[in-house]
Amino acid sequence: MHYLSVNDFAALFGTTCDGLSSECQDLINQRDFRYRILEGQERDQVLLDILKVIEADTQAVGTTERKDVWNQGWSGNYQAFCDARYDLAALVPKFIRPGRVIRLKGQYVCPASPTFELDYYTVLRQWLFSTYLSDMRAVFEFGCGTGWNLVALAKMYPSMEVHGLDFVPSSRYLVEKIRSVYGLNLSGHLFDMRAPDKTIRFNARSAIFTVGAMEQLAGDFEPFLQFLLKLSPALCIHVEPTIELYDENNLVEYLAIKFHRKRGYTQGFLPRLRQLEALGDVEILNTNRSHFGSMFIDGYSLVVWRPKKSGR
């Protein structure tokens, strides 16, 4: 049995142990990060299952029908939140599923804990927020879904303005319900990343972040990117599956590329940022391949950048 140590997390995040706060290290030591690497017939079965899913999969992101699916999904979380007497655990997005095979450092592994992926992301989020957002006055999450990330951020920094933006009403209702129940300094807004609301403004100490939201644009990210370039937040953080960071000569990663393309997840965003950096319009501060994710893709790769030409 293997396990992820503090050193392992530091390496996966592209930092050092000193770059992990004491809160991060406590989370790592308190959770069960043991796992078993799948080999032989077990690994072959996973490979076969993935190939069958890629062949049979008909879901396509970014379609009109998907808007209704997301609205219903967050409505389900809203109802679960109310039924659970406002237990914050009901906010965990349903795409983080317990007890399944995951990808880790180029291997398929079976975690000892059913909440391995959830716990991993909890550590990652703590590190991201403490590393990049501690000095911000206001933070905006685009594609905020259930508001799960907003709650964690608002609890870490009570005086910070925390805004959750999503393109379906059920998300905004859920964020507003969380605010009214817990008295947190957060607010929900309707916002379509493909047709940005140009009345939104950022101050000099505002940051934005996305988690698995850029992927759902199916490559139609230019309107949102131009919105960010014009309004010039201090920092932009994206935790997203990033196809350009895979090694197509590795079987595990090649299957992730195949799945990414079959679903129609966004491609080209990182190359576009690199193009803008060459033009002197943006500065890319960090790009880190996660080497962690679901059975199908690495969903937690990181890109951090900022506009260099102020639009204010």
Do you see a donor-acceptor pair shorter than 3.5 Å between the side chains of [X] and [Y]?
{"X": "Tyr300", "Y": "Glu117", "answer": "yes"}
{"X": "Gln30", "Y": "Asp26", "answer": "no"}
{"X": "Asn7", "Y": "Ser5", "answer": "no"}
{"X": "Asn29", "Y": "Gln25", "answer": "no"}
{"X": "Tyr121", "Y": "Asn149", "answer": "yes"}
{"X": "Asn203", "Y": "Ser206", "answer": "yes"}

ILVMFWY cluster, [X] and [Y] together (side-chain gap under 4.5 Å):
{"X": "Val6", "Y": "Tyr35", "answer": "yes"}
{"X": "Leu225", "Y": "Ile200", "answer": "yes"}
{"X": "Leu128", "Y": "Leu285", "answer": "yes"}

Gap separating the [atom1] atom of [X] from the [atom2] atom of [Y], nearest 0.5 angstrom:
{"X": "Trp305", "Y": "Asn286", "atom1": "CH2", "atom2": "CG", "value": "14.5 Å"}
{"X": "Asp247", "Y": "Leu245", "atom1": "CG", "atom2": "CG", "value": "11.0 Å"}
{"X": "Phe202", "Y": "Cys236", "atom1": "CZ", "atom2": "SG", "value": "7.5 Å"}

Please say whether more than 12 non-hydrogen atoms of neighbouring residues, nucleotides or ligands are located less than 6.0 Å from [atom1] in [X].
{"X": "Gln59", "atom1": "CD", "answer": "yes"}
{"X": "Lys105", "atom1": "NZ", "answer": "yes"}
{"X": "Gln41", "atom1": "CD", "answer": "no"}

Taking all atoms of both residues into account, what is the closest heavy-atom pair of Asp166 and Ser171, and its distance?
CB-OG, 3.2 Å
So, Glu244 side chain and Gly268 main chain: donor-acceptor pair closer than 3.5 Å or not?
yes
Arg103 side chain vs Val252 backbone, donor-acceptor pair below 3.5 Å
yes
Kindly assign one of parallel, tilted or perpendicular to the pair Trp127 and Tyr132, based on the angle between their ring planes and the thresholds 30° and 60°.
perpendicular
Parallel, tilted or perpendicular: ring planes of Phe9 versus Phe13, cut at 30 and 60 degrees:
perpendicular
Would you call [X] and [Y] a salt bridge, taking side-chain N to carboxylate O under 4.0 Å as the test?
{"X": "Lys308", "Y": "Asp281", "result": "no"}
{"X": "Lys258", "Y": "Glu248", "result": "no"}
{"X": "Asp298", "Y": "Arg289", "result": "yes"}
{"X": "Glu55", "Y": "Lys52", "result": "no"}

Pair Phe191 + Phe167: ring centers closer than 6.0 Å
no
When the ring centroid of Tyr246 is compared with that of Tyr254, is the distance short of 6.0 Å?
no
Determine the sole option in Cys144, Ser170, Pro169 for which the side chain to side chain contact (heavy atoms under 4.5 Å, CB included) test with Trp74 is passed.
Ser170
Pick out which of Val123, Leu27, Asp8 makes a side chain to side chain contact (heavy atoms under 4.5 Å, CB included) with Phe33.
Val123
Can Arg125 be said to sit on top of Trp148's aromatic six-ring, NZ or CZ under 6.0 Å from centre and within 45° of the ring axis?
yes
What residues form a side chain to side chain contact (heavy atoms under 4.5 Å, CB included) with Tyr86, not counting sequence neighbours?
Phe81, Cys82, Lys177, Val181, Tyr182
Test: side chain to side chain donor-acceptor pair (under 3.5 Å). Region: residues 207-225. Which pairs qualify, not counting sequence neighbours?
Arg194-Asp220, Thr210-His238, Thr210-Glu240, Glu222-Gln226, Glu222-Arg272
